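Note that the structure is a prediction, hence the values are computed from the model and not measured.
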Amino acid sequence: LTTRERAIGRAIRRARVASDAAAAAPAVARRTWKQSRARVVSQREYGAGFRWLELELPAGFVAPVAGQFVQLLLDFPSPVLLPRPMSVASTRRVRSKLRVGFLYAAVGAGTRALAELPPGASVSVTGPLGRGYPLHEPGSPVLVAGGRGVAPLLMAADELARSRRQCEFVFGARTAGLLIGVAEARARLARGGSRLHVATDDGSRGFRGDVVGLLAKLAPKLERPVVIHACGPHGMLAAVARWAMANDARAHLAMESVMACGTGVCRGCPLPRSSEARARVQAEGAAAAALKGNPEWAMCCTDGPVFEARELDWERVS
Amino acid sequence: MKSEPRVDLAVRVGSLTLRNPILTASGTFGYGDEYAHVVDLSAIGGVVTKTVTVKPRAGNAPQRVAETAAGMLNSIGLENVGLERFRDEKLPRLRALEATVIASIGGETPEELETLLRALGREPGVGAFEVNFSCPNVAAGGARYWADPTRLERTLAQLKPLTDKPLIAKLSPDVTDIRDTARACERGGADALTAVNTFVGMAIDLERMHGKLGKATGGLSGPAIKPLALARCWEAAAAVKIPVLGSGGIASGRDALEFIAAGATAVQVGTATFLEPEACTRVLGELRAWLAANGIARVTDLIGAFRAEPAQEASAARNGEGA
């Protein structure tokens, strides 16, 4: 080692110690995200215009949990500038490396370019980011998915199965053709002893109506408290949140937002806090965790993306 | 093994010596600690913190960000924790991280800026203050309010006695002639300038016939503005004797070097951090490598190297002054 390299090593160690000391301060979550290069393992059509992407990340990348997301950045030259927040649909270890799956639709310039990437191509991934579903919360877990919102919930079902817990899985879409990967979902759920319940608006499959209608039918048969974990369009999530609040259930909803940084610094992804949450944040005052003290707005990226129903003002969620 | 030639990267901004010329831009690096696990804050030139105001601000309604060609618009609205929490929670953490801290302060009136400097002016751990005279996204005390050279000069003269630390005036590019605001700040006693903040821009969603931001306009940043920002930085640097910090679309060592050649003493990396959290570290490495490869022993030797080009200077003077 040269003197310079030793000096750099000392500087890094000093910074780590300082960083650890700073992170040890109360009420500040230890940050584990980082940016890594990732390799495209495979991409395949998943039906209804959706694609399944699998990326391989280095062993040191912390595995995301259900409900968390990563920022996916295409290499130069890319048609878009900013990274795209992508909800994680699966994780597995293959020879110590981490394989992460995503379900996405190629609808914009960025996702269309992503769809073009062949196996072996590389991208940058920052994560894991945000707060996932609190699956450990006691009660009867009911997973509620709308359309492509199914991805993180299948992952949640797998996580529950690993801790030997079963769940009710409510999967809704406008019509049968949009129940993305429903056969795979049924098989995966059955392996863990969980049950799939399907709802379509047009009645082309399963219950005719929306997921809230099906939820209302299902809930009385379950042991209380009912704990919902949901993902889907914001309109659906608002309906689930209102049902949960009216029926003394808990509901954890995975929200979406346009984002820039994804790490909490740009303050670009606000969601309106409920009056209840606003009062609590104000009362916590200086004791609130770093950057969480905004009584008006929660940040989707760091306060979420998963929020309990009572945290947000659903009248103002767009 | 042949060792890399040593390059002296230290630069001076008023009484403050920066270990190197790479800083983070305000509003893109939080209060520093958010990135401390991936960026060695003690190795970069300094951290310019999110603009702090006297009272906490909740910020603007969504949407706050929108991507545009090679850039992004933002309308955050100076969301920040306010003076008290900044001083009591954020500053101690930055001190622990051994960062050179440039605290960005913002106010709707000269009096608010005075309040901030009275509270923070002698706070240990703050190396300098950057006064945000150029936020494009607030109803009061934004770029338009501070575009008046007389107001800038008078305000800086009021602020100057309140601190021994350097005062850096961050300028808006959206003025008729940035040399007027730059000179006014110098006359008022600014120790340095930052050129420039974001450009006012907008984008419309035609189907909804609604702005892509919650407010009609926002601030444009990213690679799209680099040539524009470089020109403003060059003009400002040529107009004053105080140091200028270049800012606007810097994403590589070469970008940073262009600003330095145009007269910047140091530069700020902003939007690039949103793509790559460690962007400032990479920019620093690239800058050091380029200087070493080109046999430049001190980064200060390059400051204004382009400005000194006689033919270009003469023609620019003709274009600038003649019309």
Side-chain angles (χ1 to χ4, degrees), chain A residues 2-4 8 11-12 14-16 18-23 25 27-28 30-35 71 73 78-83 108-110 124 126 257-273 285-286 288 290-291 293-297 299-300 302 316-318, chain B residues 1 3-4 6 27-31 33-43 50 56-72 74-77 79-82 84-85 88-90 92-94 96-99 212 214 222-224 271 273-278:
Chain A
T2 65
T3 316
R4 189 163 160 271
I8 291 169
I12 291 172
R14 208 169 49 230
R16 282 211 191 110
S19 172
D20 289 349
V28 178
R30 190 103 170 78
R31 294 181 180 84
T32 57
W33 62 259
K34 63 174 174 178
Q35 187 172 47
Q71 286 272 64
L73 180 71
S78 160
V80 294
L81 176 73
L82 296 170
S124 279
T126 302
S257 174
V258 174
M259 290 183 189
C261 71
T263 58
V265 299
C266 81
R267 319 308 288 161
C269 54
L271 292 168
R273 288 195 200 268
L291 286 167
N294 187 335
E296 184 80 19
W297 306 104
M299 288 299 130
C300 188
T302 46
R316 293 161 68 214
V317 165
S318 49
Chain B
M1 196 181 93
S3 72
E4 213 175 276
R6 282 193 62 84
T28 64
F29 211 73
Y31 300 95
D33 59 329
E34 294 91 336
Y35 284 157
H37 67 298
V38 288
V39 174
D40 178 359
L41 302 187
S42 72
K50 173 81 185 157
R57 289 182 64 111
N60 293 339
Q63 295 291 322
R64 289 189 182 179
V65 294
E67 183 163 335
T68 56
M72 62 172 279
N74 84 76
S75 177
I76 307 299
E79 175 181 337
N80 77 93
V81 298
E84 254 175 67
R85 285 188 60 199
D88 300 342
E89 292 172 37
K90 305 300 177 186
R93 290 173 55 74
L94 280 167
L97 294 165
E98 297 179 42
K212 287 191 179 174
T271 298
T273 299
F274 298 159
L275 285 63
E276 184 192 357
E278 296 160 72

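With contacts defined as side-chain heavy-atom distances shorter than 4.5 Å, the pair L73(A)/Q71(A) does not qualify. Using a 4.5 Å heavy-atom threshold, the side chains of V80(A) and E67(B) count as touching.
With a 4.5 angstrom heavy-atom cutoff, L82(A) touches chain B via backbone and side-chain atoms both. For a residue to count as touching a neighbouring chain, one of its non-hydrogen atoms must lie under 4.5 Å from one of that chain's; by this rule P56(B) does not touch chain A. For chain A, the nearby part of A70(B) is the backbone; its heavy atoms alone come within less than 4.5 Å. Within the 4.5 angstrom heavy-atom criterion, no atom of S124(A) approaches chain B. For T271(B), the part lying near chain A is the side chain, with the backbone staying farther off; criterion is any non-hydrogen pair under 4.5 Å. Contacts between E84(B) and chain A at a heavy-atom distance below 4.5 Å are absent for every atom of the residue. Neither the backbone nor the side chain of D88(B) comes within contact range of chain A; no heavy atoms are under 4.5 Å apart. For chain A, no part of A224(B) is nearby; none of its heavy atoms comes within less than 4.5 Å.
Annotation: maximal heavy-atom pairing with chain B below 4.5 Å, among P83(A), G262(A), C269(A), P270(A), occurs at P270(A). Between chain B and the residues A260(A), P272(A), A109(A), P79(A), the most heavy-atom pairs under 4.5 angstrom are made by A260(A). Residue with the most contacts toward chain A among N80(B), I76(B), L94(B): I76(B) (heavy-atom pairs, distance under 4.5 Å).
In this structure, Y31(B) contributes its side chain and V81(B) its backbone to a donor-acceptor pair below 3.5 Å. Of the possible polar contacts, none joining the E296(A) side chain to the G59(B) backbone as a donor-acceptor pair under 3.5 Å is found. Counting only distance, with no hydrogens or angles, the side chain of H37(B) and the backbone of W33(A) share a donor-acceptor pair below 3.5 Å. A donor-acceptor pair under 3.5 Å links the side-chain atoms of N294(A) to the main chain of A58(B), judged by distance alone. Not one N or O on the side chain of R31(A) forms a donor-acceptor pair closer than 3.5 Å with the backbone of A36(B).
Residues R64(B) and R267(A) approach most closely at NH1-O, 2.8 Å, considering heavy atoms.
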